[in-house]
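Scope of the values below: all heavy atoms of this structure, side chains included, with no hydrogens, waters or symmetry mates. Counting from 1, the numbers follow the sequence of the chain as shown.
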Amino acid sequence: MEEFRQSDAYEWCGSLWFPDDEGENRFAGRISYSADSGVEVSFHCGSARLTKNIAKKVAFATAHAGRKVVTLSLFNLFVYQASWSSRGSVYIGSAAGILIGAHCDLDSVASLAIKYDENYENFFAMDLAKERSIIALGKGEPIELKDRCTIDFNTFSRGTGIYGVDDLEAIFWTDTDETMEKLKEAVAPMFESNKLSIDRRHSTELFTVVSSDNANFATLFDHSMRWKALIEFFVQRSVRIEKIIAGISDSQGAALTRSFPMLLSDHVSERVKQRPFNHFHLPISFSHLRNGHFDLSCMKNIADKWFEIHENPDWAPVVQCIKRLMNINREFGTTPRFSILLSDIPTLFELMGEKATKPTDFLIERQASEQWNTHLLEHLPPPDNFTIGKHLTEIRNAIVHPASYANKENGLYVQLRHDPYKLQSAYAYLGSLFLKEVWQLLGLGDADLREAYSDHYIDQNAHYAPVKFL
């Protein structure tokens, strides 16, 4: 199967048509994809005139890519611009996605196999034995999430054939020729009985397969995005989609029969410069959860609760708050995010059925460690007789009511409101407790892991200071 990456650019030229008119009208056109623009389409209609705003669930194309002819399926095609001249009419539009290699509609998509980036893989696989970990994951058992979907791992390896014992010298080296000869003698019978069935593995990719009975493409993609968001919550970093492969069922909805690559416009991953992290540096990794087994069963309860929260619209403020906290450094030290966090805390407790007259103090009492309290008092000392919760709430009040707080506490809160570094630290400290509360809600029972997660979050996102150039 030819490889197509979400981060690359592609272009095809050929003919395009709409299946609902049975292909009677075919148009010469160009189809392109890039990470910045998604799928773009332009086609020429000759003397025919179509309506300007064309919106089609599916369009088919046969196009040329170098010396090859490929079949393409475009989904949710929308034409937003048209021009007419004596030479004919030209239409320009965009599509939500494109499938390369077959003509089908989205109802035929029965599974999605997605390769995520290094941040995702490093959560599951140990750096010192990464390929071995990935292979073990591919052999593990899947998990089924409460009538929603099945999540499984699959691996794809590239390699070259090993045709005889002499090829072993290209793979292994030994101190003595005698050792190599013993190795050859030991495996020679295997080559004699398994001609051409042994390959030397060069690389292995990990794909996460999301499937569900009677689910449509939109549902499968939503499930995959929720699963991705859960891993982002674990690693405290964004995860990018690198490749997507769609499993296509036949017209009767039978078992998967074919697989084809896809490119999607509605998920152009953000490209953020981040240093690669080590598996062992994560506060919570797959190694902490798996209990010696390389399968996803250890994550089932957490994933079930995570999906449940995402599917309930009442929890949308909490979900959005988690997303903002995961992207804390995208808008450094801004006042609106801190204000919203103070509003999201009582929302979380109300949804949990907890009564809290002073939500910020209540969160601190439930989740703050002695170290958390000590460090916050050092970096953001409150006025005398103020609790930490009241102090943080007053910072929010000074943001929302700037005139009323102009002279309060000798201008302390005006100063804090205008200091992006102090605001960033306040946001990180309080946000770490919010995330600890969510982890406890999700069923992460190990208090030490939750504390390590909170400490790591603060260490990565608080205590910034301006650079002084000399």
Side-chain angles (χ1 to χ4, degrees), residues 232-233 235-238 270-275 277 281-283 320-345 348 359-361 363-364 367-438 451-470:
E232 289 175 327
F233 191 24
V235 302
Q236 300 181 17
R237 291 180 177 226
S238 61
E270 293 184 69
R271 289 166 288 181
V272 180
K273 289 184 179 180
Q274 295 176 323
R275 291 178 298 172
F277 61 84
H281 294 165
L282 288 175
Q320 292 301 318
C321 183
I322 294 170
K323 289 181 179 179
R324 285 190 294 271
L325 288 167
M326 289 299 99
N327 296 312
I328 180 173
N329 290 318
R330 304 286 172 81
E331 298 177 35
F332 184 88
T334 59
T335 54
R337 292 189 310 164
F338 185 77
S339 299
I340 295 171
L341 174 59
L342 269 290
S343 300
D344 290 333
I345 292 170
L348 174 61
T360 306
D361 282 308
L363 176 64
I364 294 170
Q367 298 296 344
S369 65
E370 183 177 344
Q371 177 178 288
W372 186 96
N373 279 287
T374 300
H375 287 176
L376 188 132
L377 289 172
E378 290 176 359
H379 294 285
L380 293 166
D384 293 340
N385 301 320
F386 272 42
T387 65
I388 294 176
K390 181 178 180 182
H391 181 44
L392 295 173
T393 302
E394 289 291 85
I395 295 174
R396 191 275 305 269
N397 292 340
I399 293 169
V400 178
H401 308 289
S404 303
Y405 276 73
N407 299 312
K408 190 164 186 177
E409 299 298 330
N410 296 318
L412 170 65
Y413 291 106
V414 173
Q415 180 185 351
L416 289 174
R417 186 186 74 213
H418 291 159
D419 187 335
Y421 298 96
K422 295 289 187 182
L423 269 180
Q424 178 80 357
S425 289
Y427 187 58
Y429 269 91
L430 192 57
S432 73
L433 300 188
F434 187 94
L435 296 175
K436 279 181 71 177
E437 189 71 54
V438 173
E451 188 63 32
Y453 185 92
S454 173
D455 291 344
H456 184 269
Y457 186 83
I458 293 170
D459 182 59
Q460 294 293 311
N461 300 301
H463 308 153
Y464 284 96
V467 176
K468 296 180 178 180
F469 296 96
L470 302 176

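- Checked against the 6.0 Å centroid criterion, the rings of Tyr457 and Phe434 do not qualify as a close aromatic pair.
- Between Leu380 and Ser425, the closest heavy-atom pair is CD1-C, 4.3 Å.
- At distances below 3.5 Å, not a single donor-acceptor pair connects side-chain atoms of Asn461 with backbone N or O atoms of Ala428.
- When all heavy atoms of Leu430 and Trp372 are compared, the pair lying nearest together is N-CZ2, 4.3 Å.
- Two residues are said to be in side-chain contact when any heavy atoms from C-beta on lie closer than 4.5 Å; Ile328 and Gln424 meet this criterion.
- Going from atom CZ of Arg337 over to atom CG of Asn327 covers 8.5 Å, rounded to the nearest 0.5 Å.
- Summarising the geometry of Pro383 relative to Leu412, their closest heavy-atom pair is CG-CD2, 3.8 Å, with the distance given to 0.1 Å.
- The two residues Ile399 and Ser339 make their nearest non-hydrogen contact at CG2-OG, 3.4 Å.
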task: Before giving the answer on side-chain contact (heavy atoms from CB on, under 4.5 Å), spell out for Leu341 and Cys321 the whole-Å C-alpha distance, their side-chain angles and the decisive distance to 0.1 Å.
output: CA-CA 7 Å; Leu341 174 59; Cys321 183; 3.7 Å; yes
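- The shortest distance between side-chain heavy atoms of Leu342 and Ile395 does not fall below 4.5 Å.
- Side chain of Glu437 to backbone of Ile345: no donor-acceptor contact under 3.5 angstrom is found.
- Between Gln367 and Glu451, the closest heavy-atom pair is O-OE1, 4.4 Å.
- Within 6.0 Å of the CD atom in Glu378, the count of heavy atoms belonging to other residues, nucleotides or ligands exceeds 12.
- Pairing each heavy atom of Phe338 with each of Arg396, the nearest pair is CE2-N, 3.8 Å.
- Not one N or O on the side chain of Lys390 forms a donor-acceptor pair closer than 3.5 Å with the backbone of Thr360.
- For Pro382, the side chain to side chain contact (heavy atoms under 4.5 Å, CB included) criterion is met by Leu377, Phe386, His391, not counting sequence neighbours.
- Between atom CG of residue Leu416 and atom CG of residue Leu423 there is a gap of 7.0 Å, rounded to the nearest 0.5 Å.
- Gln371 is listed as a side-chain neighbour of Asp455, based on a closest heavy-atom distance under 4.5 Å.
- Of the inter-residue distances, the one linking Asp344 atom CG with Arg324 atom CZ reads 5.0 Å to the nearest 0.5 angstrom.
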Residues Asp361, Thr393; criterion side-chain contact (heavy atoms from CB on, under 4.5 Å); working and verdict: CA-CA 9 Å; Asp361 282 308; Thr393 302; over 6 Å; no
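- Checked against the 6.0 Å centroid criterion, the rings of His463 and Tyr429 qualify as a close aromatic pair.
- In this structure, CD in Gln460 is found 13.0 Å from OG in Ser432, a value given to the nearest 0.5 Å.
- Summarising the geometry, atom OH belonging to Tyr405 is positioned 4.0 Å from atom CG belonging to Asn397; distances are rounded to the nearest 0.5 Å.
- Looking at Met326 and Lys323, their side chains never come closer than 4.5 Å, going by heavy atoms from C-beta outward.
- Contacts of Lys408 classified as salt bridge (Lys or Arg N to Asp or Glu O under 4.0 Å), with partners at least two apart in sequence or in another chain: Glu394.
- The distance from the CG atom of Leu392 to the CG atom of Leu363 is 10.0 Å, given to the nearest 0.5 Å.
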